[in-house]
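Reviewing the structure listed below.
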Amino acid sequence: MEKSFTYKITGKADTTALALLAHEAAKYKCNICATKPGSSPKDAKSIMGLITGCFKTGDTLEFSFDGSDADVAAKNIKTALEDSIGL
């Protein structure tokens with residue numbers, strides 16, 4: 001089952017925040033991608049993939065989740081983005 005949500009970066013998209021996002025995403029079996037409009041999807045489990053996304057404050061990202069635990073991954077990553085990652 002595929003799930004998705006959009007998230008506007010309001011914090012600083014530095015390597016620390018991106019590493020925290022990759023660490024959180026790695027907890028799930030499903031495929032998780034972060035996509036900036038006009039760019040190719042980036043694997044949210046890969047810190048290098050996220051860094052090469054050139055994400056910055058003000059960007060709106062589309063997160064997509066595809067796999068057996070997509071529902072729980074989407075819920076928990078959205079919560080982490082809002083509460084603890086600082087992105």
- Task: Inspect the contact between Lys36 and Asp59 and indicate whether a charged nitrogen and a carboxylate oxygen are less than 4.0 angstrom apart.
- Result: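 Salt bridge between Asp59 and Lys36, a charged N being under 4.0 Å from a carboxylate O: yes.
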How long is the span from the [atom1] atom in [X] to the [atom2] atom in [Y], to the nearest 0.5 Å?
{"X": "Asp71", "Y": "Asn76", "atom1": "CG", "atom2": "CG", "answer": "10.5 Å"}
{"X": "Leu20", "Y": "Ile47", "atom1": "CG", "atom2": "CD1", "answer": "8.5 Å"}
{"X": "Lys78", "Y": "Thr6", "atom1": "NZ", "atom2": "OG1", "answer": "7.0 Å"}
{"X": "Ile85", "Y": "Thr79", "atom1": "CD1", "atom2": "OG1", "answer": "10.0 Å"}
{"X": "Asp43", "Y": "Asn31", "atom1": "CG", "atom2": "CG", "answer": "7.5 Å"}

- Query: How are the rings of Tyr7 and Phe63 set to each other: parallel, tilted or perpendicular (split at 30° and 60°)?
  - Reply: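 Answer is perpendicular, since the angle exceeds 60°.
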- Could you tell me which residues satisfy ring pair (Phe, Tyr, Trp, His ring centres under 6.0 Å) with Phe55, sequence neighbours excluded, listed by chain and number?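 Ring pair (Phe, Tyr, Trp, His ring centres under 6.0 Å) check on Phe55 returns nothing, list empty.
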- Message: If you define the side chain from C-beta out and look only at heavy atoms, does anything of Ser4 sit under 4.5 Å from Glu62?
- Response: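 When only atoms from C-beta onward are counted, Glu62 and Ser4 do touch, with a gap below 4.5 Å.
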- Message: Any heavy-atom pair between the side chains of Ile77 and Leu21 that's under 4.5 Å?
- Response: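 Result yes, sub-4.5 Å side-chain heavy-atom pair found.
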- Item | Set of salt bridge (Lys or Arg N to Asp or Glu O under 4.0 Å) partners for Lys45, sequence neighbours left out |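 Salt bridge (Lys or Arg N to Asp or Glu O under 4.0 Å) list for Lys45, sorted by chain: empty.
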- Query: Who are the salt bridge (Lys or Arg N to Asp or Glu O under 4.0 Å) partners of Lys27, not counting sequence neighbours?
  - Reply: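 Partners of Lys27 under the salt bridge (Lys or Arg N to Asp or Glu O under 4.0 Å) test: Glu24.
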Between the side chain of [X] and the main-chain N/O of [Y], is any donor-acceptor distance below 3.5 Å?
{"X": "Thr57", "Y": "Gly11", "result": "yes"}
{"X": "Thr52", "Y": "Gly49", "result": "yes"}
{"X": "Asp69", "Y": "Cys30", "result": "yes"}

- Just do the ring-ring contact (aromatic ring centres under 6.0 Å, His included) check on Phe65 and Phe5 with the steps written out, would you? CA-CA 9 Å; Phe65 304 79; Phe5 67 83; 5.6 Å; yes
- Message: Before you tell me yes or no, could you show the steps for Thr35 and Leu61 under side-chain contact (heavy atoms from CB on, under 4.5 Å), namely the whole-Å CA-CA distance, both residues' side-chain angles and the distance that decides it to 0.1 Å?
- Response: CA-CA 5 Å; Thr35 308; Leu61 305 180; over 6 Å; no
- Write down the atom of Ala25, the atom of Ala44, and the distance for their closest heavy-atom approach.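 Minimum heavy-atom separation between Ala25 and Ala44: CB-O, 3.4 Å.
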- Query: Yes or no on side-chain contact (heavy atoms from CB on, under 4.5 Å) for Thr15 and Leu50, after CA distance, side-chain angles and deciding distance?
  - Reply: CA-CA 9 Å; Thr15 54; Leu50 293 172; over 6 Å; no
